[in-house]
Amino acid sequence: MAQEQPFSWLEGRASRIAPRLLGTKLMRGDRVGLIVEVEAYEGQADAASHAFRGPTERSRVMFDRAGLLYVYRSYGVHWCANVVCGSVGQGSALLIRAIEPMPPTEGMWADRPKARAPSDLGSGPGKLCAAMGIDGSHYGLDLLGARSPVRLVAGPEVDPARVVVGPRIGISKATERPWRFAIAGNPHVSRPWPKGPAGQRGPLGK
DNA sequence: GACAAGATTGACT
DNA sequence: GTCAATCTTGTCC
């Protein structure tokens with residue numbers, strides 16, 4: 001039957017659709033995390049993106065279709081998860097930077113032995129991958145597929161007025177782009193929001 | 001083939 | 001606040 005396509009909005013521009021990923025649920029087995037912080041990376045137009053210099057063995061999935069999972073190794077230690085977005089050949093993706101466990105499970109605690117509070121489970125791109133059990137074996141899978149081991153499921157809609165915007169974290173290029181988005185005041189955000197002009201709150205306008 | 005840098009985390013001062 | 005760990009990827013010669 002003609003199934004609706006609830007995630008067709010992923011085909012838009014990364015920095016524009018990033019806020020809409022907030023409030024979406026990331027699911028793997030019995031583990032569920034509400035996405036509360038993301039960053040936008042706009043493919044070959046973005047010097048901070050892994051896709052900036054065109055497709056490589058690592059980044060090739062970024063140039064595939066929206067809704068696929070791009071996982072990469074960070075500092076040789078952690079895994080980080082991205083949702084491919086935009087159109088085929090563009091290389092755009094959304095980095096999931098933090099989740100709120102819904103709820104924390106035994107499996108999450110077991111895979112995050114250093115965590116002492118629920119907010120330690122998913123408050124960072126490396127942390128949330130560990131808590132969700134996401135690693136390189138999930139590279140390229142379809143997050144919109146009903147039978148995928150890792151899936152995105154629509155969650156409660158987030159009021160644009162509750163979305164804060166700021167500069168991206170941990171990068172050395174294109175740092176001026178305000179492409180980090182989070183749910184205002186959520187305790188699971190990876191790092192405190194900057195004060196002053198650099199970290200303006202919504203609304204998102206353009 | 002060699003080397004520098006990296007979308008982070010956690011331990012330590 | 002500062003800094004080391006750890007190793008893969010991408011770039012350059």
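Note on naming: letters A, B, ... go to the chains in the order of the sequence lines (proteins, then strands), and numbering restarts at 1 for each one. Excluded from the calculations below are hydrogen atoms, water molecules and symmetry mates; all remaining heavy atoms, backbone and side chain alike, are included.
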Legend entry - A/R168 to A/Y41, cation-pi by 6.0 Å centre distance and 45° axis angle: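 Yes, a cation-pi geometry.
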Legend entry - Pair listing, salt bridge (charged side-chain N to carboxylate O under 4.0 Å, His left out) test, anchored in residues 83-93 of chain A, at least two apart: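 Sorted pair list comes back empty.
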Interatomic distance, [X] [atom1] vs [N] [atom2] [rounded to whole Å]:
X      : N     : atom1 : atom2 : result
A/D120 : B/dT8 : CG    : C1'   : 15 Å
A/K173 : B/dA7 : NZ    : C1'   : 12 Å
A/Y72  : B/dA5 : OH    : P     : 18 Å
A/R53  : B/dA4 : CZ    : C1'   : 13 Å
A/N82  : B/dT8 : CG    : P     : 11 Å
A/R112 : B/dT8 : CZ    : P     : 14 Å
A/Y75  : B/dT8 : OH    : P     : 6 Å
A/W79  : B/dT9 : CH2   : P     : 15 Å

Inset, instruction - Look at the side chain of A/P125 and decide which nucleotide, out of B/dG6, B/dT9, B/dA7, has an atom nearest to it. - result: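 The listed nucleotide nearest to A/P125's side chain is B/dT9.
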Legend entry - side chain to side chain donor-acceptor pair (under 3.5 Å) partners of A/T56, counting only residues at least two apart: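 Testing A/T56 for side chain to side chain donor-acceptor pair (under 3.5 Å), a comparison that skips the adjacent residues, returns A/S59.
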Every protein N/O lying under 3.5 Å from an N/O of nucleotides 11-13 of chain B:
none

Inset, instruction - Please examine the side chains of A/F52 and A/D46, heavy atoms only from C-beta on, and report whether any two atoms are closer than 4.5 Å. - result: no
[X] side-chain N/O to [Y] backbone N/O, donor-acceptor pair under 3.5 Å:
X      : Y      : answer
A/W193 : A/V165 : yes
A/E42  : A/S15  : yes
A/E39  : A/I169 : yes
A/D120 : A/A117 : yes

Inset, instruction - Please list every stem that involves DNA chain C, where a stem is a run of 3 or more consecutive Watson-Crick or G-U wobble pairs with both pairing distances under 3.5 Å. - result: B:1-6 with C:7-12, B:8-12 with C:1-5
Inset, instruction - Please list, chain by chain and in numerical order, all residues satisfying ring-ring contact (aromatic ring centres under 6.0 Å, His included) with A/Y72, sequence neighbours excluded. - result: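 For A/Y72 the ring-ring contact (aromatic ring centres under 6.0 Å, His included) partners, ignoring immediate neighbours, are A/H50, A/Y70.
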Legend entry - Outermost nucleotides of DNA chain C that come under 4.0 Å of a non-hydrogen atom of chain A: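 Nucleotide range in contact with chain A: C/dT6 to C/dT11.
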Inset, instruction - Determine, stepwise, if the pair A/I99 / A/K127 fulfils side-chain contact (heavy atoms from CB on, under 4.5 Å). - result: CA-CA 9 Å; A/I99 59 166; A/K127 296 178 184 178; over 6 Å; no
Legend entry - Side-chain N or O of A/S49 closer than 4.0 Å to phosphate OP1/OP2 of B/dA7: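 Answer no for this pair, as no side-chain N or O of A/S49 is under 4.0 Å from OP1 or OP2.
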Legend entry - Whichever of A/A115 and A/S172 has its nearest DNA chain B nucleotide further upstream toward 5':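 That would be A/S172.
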Inset, instruction - Could you walk me through whether A/K25 and A/L34 pass side-chain contact (heavy atoms from CB on, under 4.5 Å), step by step? - result: CA-CA 5 Å; A/K25 285 183 267 189; A/L34 191 72; 3.9 Å; yes
Inset, instruction - Could you walk me through whether A/D142 and A/R147 pass salt bridge (charged side-chain N to carboxylate O under 4.0 Å, His left out), step by step? - result: CA-CA 9 Å; A/D142 184 2; A/R147 295 183 311 176; over 6 Å; no
Legend entry - Aromatic ring of A/Y41 stacked on base six-ring of B/dA7, 5.5 Å, 30°: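 Yes, A/Y41 stacks on the base of B/dA7, since the ring centres sit under 5.5 Å apart and the planes are within 30°.
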